[in-house]
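Here is the structure we will look at.
Residue numbering restarts at 1 for every chain, and letters A, B, ... go by the order of the sequence lines.
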Protein chains: 2
Amino acid sequence: MVDPSWPVDARTTPALVQMLARSQATGLATRFAAAGHTDLRPGHAPLLVPLLAGGRHASDLAEELGVSRQAVAQTVAALEKGDYVERVTDPGDGRAKLIRLTPRGRSALRTMRATALAVEEQWRASLGEARLRELRTLLVMLLTEPG
Amino acid sequence: MVDPSWPVDARTTPALVQMLARSQATGLATRFAAAGHTDLRPGHAPLLVPLLAGGRHASDLAEELGVSRQAVAQTVAALEKGDYVERVTDPGDGRAKLIRLTPRGRSALRTMRATALAVEEQWRASLGEARLRELRTLLVMLLTEPG
DNA sequence: ACAGATTAGACAAGTAACTTGTCAAAATGC
DNA sequence: GCATTTTGACAAGTTACTTGTCTAATCTGT
């Protein structure tokens with residue numbers, strides 16, 4: 001269920017943020033497909049990102065992402081099938097598996113970042129450099145506030 | 001799958017928008033529950049909103065929201081069970097049902113708007129009036145741009 | 001050293017919010 | 001007045017999660 005097509009000006013500011021996030025998400029999936037990663041859904045990205053820093057355990061990822069371990073396990077299974085990640089037994093802990101990026105996974109992450117930067121570039125074109133920086137500042141303020 | 005807890009500053013601006021939208025959504029569900037609408041999920045709100053203007057057909061709602069008629073039908077069924085909306089046969093069209101807000105539905109919408117305004121107020125407290133207005137302006141610019 | 005608690009991940013099943021496909025009944029268009 | 005379209009219902013499938021239960025491996029206290 002998406003957003004009704006109301007006059008934008010009549011909406012609350014939080015609603016505007018939701019709308020913008022929505023419109024991004026749709027466009028992102030399109031760009032993914034265009035980049036040849038048809039089996040990579042937008043929801044997979046947040047899992048892939050922290051793997052850039054090195055192999056991680058599923059449990060650690062689950063805690064970091066704020067979801068259940070099963071959610072991670074299922075997503076990892078899908079990503080493994082698509083050759084984006086591989087799971088190898090942790091040499092230091094026989095129970096655990098290390099989830100690591102494959103070269104294809106790394107390539108997909110590059111595409112993702114490029115896509116995000118393309119959107120940012122589009123915003124820069126719409127707003128200008130100064131306003132884009134201002135937007136960034138405001139977003140960071142809201143994200144880092146105590147509440 | 002949510003966002004990894006990265007340093008905020010290292011992220012692209014579109015990613016920041018996603019993070020903010022996410023953090024809102026979680027907080028919103030909490031406030032709903034606190035207002036006694038435990039059976040009302042965040043996803044139901046977009047359907048309820050256009051009903052404020054009067055009874056609507058499910059098909060019209062589906063088109064307006066950009067989802068299938070079944071998605072609307074299923075959501076309406078849930079909302080009807082919770083006495084947020086009622087479905088009455090359209091006097092002018094025997095096939096169609098008019099979906100209308102009940103008093104409880106109207107009350108829920110008031111709660112929603114109040115919740116959104118509370119978040120906005122919190123943002124005002126964080127940013128100050130001038131910066132909040134600037135944020136609004138920037139969001140509206142991005143939402144109304146041609147692309 | 002070893003029983004007991006904890007932790008890692010697998011398997012099973014359930015839920016929410018959608019989707020497509022099919023269908024009957026009612027309305028509309030020549 | 002018959003063909004087409006529209007409306008909503010029913011059935012089933014998908015995605016992205018959830019909780020619950022289980023086994024195997026590791027850590028802890030004595």
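Panel note: side chain T75(A), backbone A71(A); a donor-acceptor pair is recorded below 3.5 Å.
Here the side chains of L16(A) and R136(B) are in contact, with some heavy-atom distance below 4.5 Å.
Distances from the side chain of S68(A) to the nucleotides dG9(C), dT20(C), dT18(D) place dT18(D) closest. Here dG9(C) is the nucleotide among dT26(D), dG9(C), dA16(D) with the atom lying nearest to any side-chain atom of S59(A). With distances taken from any side-chain atom of R41(A) to the nucleotides dA16(D), dA16(C), dG9(C), the minimum falls on dA16(D). Closest to the Q74(A) side chain, of the nucleotides dA26(C), dA8(C), dT18(D), is dT18(D). The side chain of V67(B) sits closest to dT19(C) out of dA8(C), dT19(C), dG8(D).
For the OP1/OP2 pair of dA8(C) and a distance below 4.0 Å, the side-chain nitrogens and oxygens of R87(A) include no atom meeting the criterion.
Atom CG in D39(A) sits about 16 Å away from atom P in dT14(D), given to the nearest Å. Atom C1' of nucleotide dA8(C) and atom CZ of R56(A) are separated by 15 Å, given to the nearest angstrom. Counting to the nearest Å, the P atom of dT14(D) and the NZ atom of K81(A) are 12 Å from each other. Computed from coordinates, the H57(B) NE2 to dA26(C) P distance equals 15 Å when rounded to whole Å. Per the geometry, CD belonging to E64(A) stands 17 Å off C1' belonging to dA8(C), to the nearest Å. Rounded to whole angstrom, the span from the NZ atom of K97(B) across to the C1' atom of dC10(D) amounts to 14 Å. Note: CD (E63(A)) to C1' (dG9(C)) measures 15 Å, nearest angstrom.
For R95(A) and dT26(D), a side-chain-to-base donor-acceptor distance below 3.5 Å is absent, hydrogens and geometry of angles not being considered. With hydrogens and angles ignored, no donor-acceptor pair under 3.5 angstrom links the side chain of Q70(A) to the base of dG14(C).
A residue-by-residue look at G94(B) and A96(A) shows that A96(A) has its nearest nucleotide of DNA chain C further toward the 5' end. Both R69(A) and R69(B) sit near DNA chain D, but only R69(B) has its closest nucleotide nearer the 5' end.
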Exercise for review: Could you please spell out the steps behind the salt bridge (Lys or Arg N to Asp or Glu O under 4.0 Å) verdict for R69(A) and D60(A)?
Suggested key: CA-CA 9 Å; R69(A) 280 172 299 149; D60(A) 297 345; over 6 Å; no
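A donor atom on one side chain and an acceptor atom on the other are not found under 3.5 Å apart for T12(A) and E120(B).
Under the 4.5 Å side-chain contact rule for hydrophobic residues, W123(B) and L117(B) do not share a cluster.
Residue D93(A) is classed as a sugar-phosphate contact, given heavy-atom separations below 4.0 Å to backbone atoms only.
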